[in-house]
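Report on one structure; see the data block that follows.
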Amino acid sequence: MRWPWQRQKVEKRASASGFTAEIMAARESYISGRRGIGELTATVQSCISLWENGLSVADVSGTEMLDRRSLALAARSVALRGEAVFLIDDRLIPCADWDLRTRDGEPTAYRVSISEAGGGTSRTALAAEVLHIRVGADVAAPYYGQAPLRRATLTASMLHAVEGALAEIFENAPLGSQVLPFPEAPEIDLEKLGRSFKGARGKLLLRESVSVASAGGPAPQTDWRPSHLSPDLERSMSIETLEASRNSIALAFGVLPGLLNPATTGPMVREAQRHLAQWTLQPMAELIAEEATAKLGQSVALDVMRPLQAYDAGGRARALSGIVQALAQAKEAGLSEKAIATAFSTVDLREPE
């Protein structure tokens, strides 16, 4: 009970993507980073960029909702999280977080969180209203996807550890420093002598001492060879370990390690491009097309091979020439269309759908 002149107070609570969720997500990102997931390494970001750019230029037929921006967001989310969720409205709305219910291993309802400039909103939707793309799903949880780094945790941990160790070496190790033996002298004189060497690049520094060292003998007769303090990274095999882990991470993303080689050539670049498009991006595009066909109610197709030109142009030209020549010979021989179609089916050639 309240008096009429008392205003009712509205209690505000944080939604699923509010302040508490953001703090928990930031903490989770920090913990996963220290565990060695390695999303912040340049190798992983380069592979993710290839996924984004390759999938964003795909030819889409059957719908206008899968625009370039949505495909790029889907590729980045799939690369980092193994799945991407979009709410189907008048356009595809990307979801930052989601929770779902399943029946017989298939999602039936979603509670999604949509990021906004001033916070976040939470909405509930049925499975038919949500576009859920997932790759690398496990049989124990087929409704969740797994990112490539989740499936290669040990390699990602090694890459993270090696890069972290090298960063600490270049930050804390006395690189380029030397120890110069000098006969016994007061500490003040040694400090003055040390300051006199600072910044004297390209100069001939001459110092004379008449003191007698503790090892015996005048100073000019003692060993004045300097000793380097830079760590020997060659014996630690850190460079080879870094290269091996980097190549393994690239291969986990479907990128041939030869593409990252500084001495790579044009044919190798084209082969790596074909491999990425044929064995990684195009299967992912087929999954997106299948999900969009089921949720949007119309036949959707995605093609990555043609926009990326991830094919052998010379081989396709020779194959086309052979097909045209075979058709001409079949027409001269008087074969029917059914017989020609049967002959083409034996070599796995059929009309496009």
Side-chain angles (χ1 to χ4, degrees), residues 25-26 28-58 71-84 133-137 145-173 175 231 233-285 287 304 308 310:
E28 192 274 335
S29 299
Y30 172 77
I31 296 175
S32 65
R34 296 298 299 173
R35 192 171 63 242
I37 299 302
E39 289 96 340
L40 299 180
T41 59
T43 303
V44 176
Q45 292 299 323
S46 300
C47 296
I48 294 175
S49 298
L50 290 175
W51 280 30
E52 280 183 301
N53 300 331
L55 198 60
S56 63
V57 299
L71 289 175
L73 289 175
R76 185 169 187 84
S77 180
V78 168
L80 291 175
R81 307 177 63 171
E83 51 188 341
I133 306 164
R134 49 192 181 272
V135 297
Q146 291 186 4
L149 293 183
R150 179 74 178 274
R151 289 169 275 167
T153 307
L154 294 179
T155 306
S157 302
M158 181 172 62
L159 178 64
H160 181 80
V162 173
E163 288 198 356
L166 292 177
E168 292 180 358
I169 289 176
F170 283 98
E171 182 179 359
N172 301 321
L175 296 176
L233 298 180
E234 295 183 358
R235 295 185 179 181
S236 65
M237 300 292 290
S238 58
I239 306 300
E240 291 78 3
T241 305
L242 181 64
E243 291 291 336
S245 58
R246 181 182 299 163
N247 294 339
S248 300
I249 290 296
L251 197 58
F253 278 94
V255 179
L256 291 181
L259 186 63
L260 306 178
N261 192 341
T264 189
T265 58
M268 183 63 215
V269 172
R270 290 190 292 270
E271 189 61 34
Q273 184 178 1
R274 282 195 292 268
H275 183 275
L276 175 63
Q278 185 174 4
W279 291 102
T280 303
L281 297 182
Q282 186 59 38
M284 191 188 310
L287 291 175
V304 177
L308 292 181

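Residue numbers run from 1 in the order of the sequence given.
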Between [X] and [Y], is there a donor-acceptor pair closer than 3.5 Å when you use the side chain of the first and the backbone of the second?
X: T155; Y: A152; value: no
X: R151; Y: Q146; value: yes
X: S77; Y: L73; value: no

Mind checking the [atom1]-[atom2] spacing from [X] to [Y]? Nearest 0.5 Å is all I need.
X: S245; Y: E163; atom1: OG; atom2: CD; value: 7.5 Å
X: S248; Y: L159; atom1: OG; atom2: CG; value: 9.5 Å
X: S49; Y: F253; atom1: OG; atom2: CZ; value: 10.5 Å
X: L166; Y: L233; atom1: CG; atom2: CG; value: 6.5 Å
X: S238; Y: E243; atom1: OG; atom2: CD; value: 10.5 Å
X: L80; Y: L149; atom1: CG; atom2: CG; value: 8.0 Å

field: Stepwise side-chain contact (heavy atoms from CB on, under 4.5 Å) test for I48 and Q45
entry: CA-CA 5 Å; I48 294 175; Q45 292 299 323; 4.3 Å; yes
task: Please test L281 against L308 for side-chain contact (heavy atoms from CB on, under 4.5 Å), starting from the C-alpha separation and ending with a verdict.
output: CA-CA 10 Å; L281 297 182; L308 292 181; 4.0 Å; yes
Non-neighbouring partners of E240 that pass salt bridge (charged side-chain N to carboxylate O under 4.0 Å, His left out), sequence neighbours left out: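 For E240, no residue satisfies salt bridge (charged side-chain N to carboxylate O under 4.0 Å, His left out) once neighbours in sequence are set aside.
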For [X] versus [Y], what's the shortest heavy-atom pair and its separation?
X: A79; Y: P148; answer: O-CD, 3.5 Å
X: T280; Y: G254; answer: OG1-CA, 3.4 Å
X: P283; Y: A277; answer: CD-O, 4.3 Å
X: A75; Y: W51; answer: CB-O, 3.6 Å
X: A272; Y: L256; answer: CA-CD1, 3.7 Å
X: V304; Y: Q282; answer: N-OE1, 2.8 Å

task: Would you indicate whether the side-chain heavy atoms of V78 and E83 approach each other to under 4.5 Å?
output: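 Side chain of E83 against side chain of V78, heavy atoms only: no contact under 4.5 Å found.
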message: Test: side-chain hydrogen bond (donor to acceptor under 3.5 Å, both in side chains). Region: residues 258-275. Which pairs qualify, not counting sequence neighbours?
response: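 Sorted pair list: E271-R274.
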field: Heavy atoms of other groups near M268 CE, more than 12 under 6.0 Å
entry: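 Yes, CE of M268 has more than 12 neighbouring heavy atoms, counting only those of other groups under 6.0 Å.
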- request: List the steps and the verdict of side-chain contact (heavy atoms from CB on, under 4.5 Å) for L259 and L50.
  value: CA-CA 11 Å; L259 186 63; L50 290 175; 4.1 Å; yes
message: Does M158 form a side-chain contact (heavy atoms from CB on, under 4.5 Å) with T241? I'd like the steps, not just the answer.
response: CA-CA 8 Å; M158 181 172 62; T241 305; 3.8 Å; yes
